[in-house]
Amino acid sequence: MALRFEVLGRFNRARAARLTLPHFTCQTPLFMPVGTQGTIKGLTTDQLETIGCQIILGNTYHLELRPGSQLIDDLGGLHKFMNWKRALLTDSGGFQMVSLLHLADITEEGVTFQSPVDGKPMLLTPEESINIQNNIGADIIMALDDVVKTTITGPRIEEAMYRTLRWIDRCIAAHKKPDVQNLFGIVQGGLDPVLRDICVRGLVERNLPGYAIGGLAGGEDKDSFWRVVAQCTAGLPEDKPRYVMGVGYPLDIVVCSALGADMYDCVYPTRTARFGSALVPEGVLKLKQNAMATDERPIDPSCPCMVCKNYTRAYLHCLVTKDPMGSQLLSYHNLSFMARLSRDLHMSILEGRFPEFVRGFLRVQVCLALQSLFYHI
Amino acid sequence: MALRFEVLGRFNRARAARLTLPHFTCQTPLFMPVGTQGTIKGLTTDQLETIGCQIILGNTYHLELRPGSQLIDDLGGLHKFMNWKRALLTDSGGFQMVSLLHLADITEEGVTFQSPVDGKPMLLTPEESINIQNNIGADIIMALDDVVKTTITGPRIEEAMYRTLRWIDRCIAAHKKPDVQNLFGIVQGGLDPVLRDICVRGLVERNLPGYAIGGLAGGEDKDSFWRVVAQCTAGLPEDKPRYVMGVGYPLDIVVCSALGADMYDCVYPTRTARFGSALVPEGVLKLKQNAMATDERPIDPSCPCMVCKNYTRAYLHCLVTKDPMGSQLLSYHNLSFMARLSRDLHMSILEGRFPEYVVSFDINLPDYSVKLCAVK
């Protein structure tokens with residue numbers, strides 16, 4: 001175990017905690033931006049510090065492809081390589097393999113796939129995934145799991161859940177640096193409460209430093225989504241961090257935090273920036289709209305970030321989709337928004353005003369929805 | 001006149017000066033990065049301030065296309081629009097028109113061209129160019145000139161030079177904001193010293209706030225290049241800034257400064273960054289080279305910029321040509337390099353150590369060495 005997790009405040013199931021990792025002491029709940037291949041597109045690491053990012057995700061699959069984990073290790077690890085002084089988390093590589101590569105095939109041994117570089121067959125085993133992640137050197141590393149989409153039904157889900165449990169033992173055995181890197185297990189089981197329960201118990205028995213809730217945020221309906229999160233958080237230990245993978249939308253983060261989760265990651269804030277959308281309290285502001293061309297306001301007058309303090313919607317409209325600077329500035333703002341959301345969740349829980357925060361958060365969103373409804377009537 | 005130009009120090013023909021513009025007080029010699037369409041690709045304005053950029057160029061042609069100069073004016077001018085607090089310079093639009101648009105045609109009236117948006121014929125006159133630049137609101141605006149490539153010969157060069165003189169009067173007449181925007185004239189005349197001399201005299205008679213040397217940096221040999229610069233700087237007034245357009249390579253900037261020029265612009269530092277090349281004292285470092293993949297040094301150990309303080313060649317190699325972050329970080333470094341070059345030129349002239357600086361700057365001056373020594 002190479003972390004410390006201290007709950008500082010609660011409201012019902014929600015927790016505000018201090019998560020002490022080798023490279024950084026974090027406050028949860030927190031959102032982790034995705035820096036796929038050793039960089040968050042368009043932002044320097046000092047900008048990310050200014051924004052208030054605490055943990056950044058790196059994708060093992062992409063990093064192993066380029067520049068390769070052995071090189072990263074030779075050069076002193078990913079922190080040094082990408083000049084990020086705070087915390088890093090790497091995923092196992094499994095998800096990209098399944099989602100990006102058509103000919104990926106999962107067997108008991110591991111994930112076989114065609115190398116995108118030269119088409120040769122390759123195999124990612126639990127051992128190899130952990131080895132790569134040991135080379136990269138992140139504060140938190142993820143077990144290789146057998147993940148299936150929640151939209152799938154049938155025996156495949158059960159098979160995947162049991163395999164995930166068998167693979168966690170192989171991951172634990174392969175892990176060479178448990179004193180400086182925290183291996184998190186991932187709860188699978190689809191939308192089936194029985195399977196989810198078996199998986200939770202199995203992982204908790206292994207006494208890992210932290211736990212993730214996987215296999216969600218893939219197209220299931222919201223009702224099923226939150227029920228699975230609620231069930232898992234109820235079964236996972238109180239004194240360890242809980243990470244809902246692939247989440248996401250601000251509202252989902254607020255809901256999951258209310259249900260007792262602590263950590264989140266998603267490409268959404270940065271990806272939607274690259275499509276010209278800014279995150280605002282009311283929802284989403286689309287800078288491409290014609291009305292933005294003469295709008296002299298900042299994206300969000302209440303936002304203290306560098307972009308909102310310095311640039312107008314009109315200027316951003318001019319850049320968006322025509323100049324990469326547009327994506328850059330919107331990414332900066334969107335990650336500032338997510339960092340502020342994280343801080344607001346932590347502080348409101350800590351200071352005993354979490355319900356007021358949630359109500360305020362929802363009111364702004366709902367009001368706008370109602371407003372637009374009125375205009376259509 | 002909306003500027004003040006004070007020479008603070010000299011070495012032979014080189015000058016270190018203070019150029020006071022409405023939005024910023026600059027030190028010359030200086031290099032101006034090109035922020036074509038209201039942004040320097042990949043860099044925020046606060047990064048540009050940290051780097052030490054003093055004046056940024058905007059391209060009138062591109063800005064009029066998108067978002068349009070009237071909109072910029074309605075929103076308070078380009079400074080406010082792009083959030084740049086320091087100085088701005090806009091060109092006339094003429095060069096892009098001639099270089100980017102195949103069917104551009106130059107007549108006495110102006111430059112006729114096909115609109116790239118809808119193909120309709122359009123006309124950029126001196127009056128319209130100045131009007132657009134008045135809307136944009138830069139500290140320095142450029143006259144519409146009739147510019148021809150130095151690789152062309154024949155009567156076209158003479159025609160263009162005289163037309164440039166006729167157009168400067170139309171530009172002056174059309175200029176609505178001489179109290180806050182400085183209209184610079186541009187010396188044309190190809191490589192012909194007689195034509196260049198006529199143009200210099202003609203522009204000096206108009207008593208403009210500053211003068212540019214145009215029509216160079218387009219493929220002519222270096223020997224011809226510096227001779228034209230030397231001739232023009234000899235003829236232009238001592239007490240006004242001199243701007244060599246389209247320059248460029250660090251060595252060319254050093255040479256032109258030695259010859260008495262003060263201001264430069266070029267896309268080279270930022271464009272070469274996007275091709276994976278970093279500017280270093282020894283010349284150019286190509287980050288794409290295989291050897292860079294394991295090189296843990298910064299681009300330049302002597303460079304104090306954010307990129308050299310934080311990132312290794314190995315990391316940059318990994319990004320370059322595969323992730324826009326590579327271009328961004330190299331642009332940041334290259335503009336830092338150019339800002340430091342500007343500062344070093346200013347300070348070395350001011351402090352009486354310009355010759356030592358020039359010698360240390362480049363061990364090899366292949367094109368210039370013998371001939372430059374003859375220039376006093």
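Numbered from 1 within each chain, the chains take letters A, B, ... in sequence-line order.
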Who are the salt bridge (charged side-chain N to carboxylate O under 4.0 Å, His left out) partners of A:Arg313, not counting sequence neighbours?
A:Asp295
Smallest separation among heavy atoms of B:Asp323 and A:Lys41, with atom names:
OD2-CG, 4.4 Å
With side chain to side chain donor-acceptor pair (under 3.5 Å) as the criterion, how do B:Thr45 and A:Tyr311 come out once you've worked through the C-alpha distance, each side chain's angles and the decisive distance to 0.1 Å?
CA-CA 10 Å; B:Thr45 45; A:Tyr311 297 97; 2.9 Å; yes
Minimum heavy-atom separation for B:Leu75 to A:Ala293, with atom names?
CD1-O, 4.1 Å
Under 4.5 Å to a heavy atom of chain A? For B:Leu316 that would be neither
With a 4.5 angstrom heavy-atom cut-off, is it the side chain or the backbone of A:Pro67 that approaches chain B, or both, or neither?
both
Determine whether A:Thr294 and B:Asp74 make a side-chain contact, defined as any pair of heavy atoms from C-beta on separated by less than 4.5 Å.
no
Specify the closest pair of heavy atoms between A:Leu43 and B:Gln328, including all atoms of both residues, with the distance to one decimal.
N-NE2, 4.3 Å
OG1 (B:Thr312) and CZ (A:Phe81) are apart, to the nearest 0.5 Å, by 5.5 Å
Which bit of A:Met325 comes within less than 4.5 Å of chain B, counting heavy atoms only: side chain, backbone, both or neither?
side chain
Provide the closest heavy-atom pair for B:Met306 versus A:Asp46 in the form atom of the first, atom of the second, distance.
CG-OD2, 3.6 Å
Using heavy-atom distances under 4.5 Å, tell me whether B:Lys309 contacts chain A through its side chain, its backbone, both, or neither.
neither
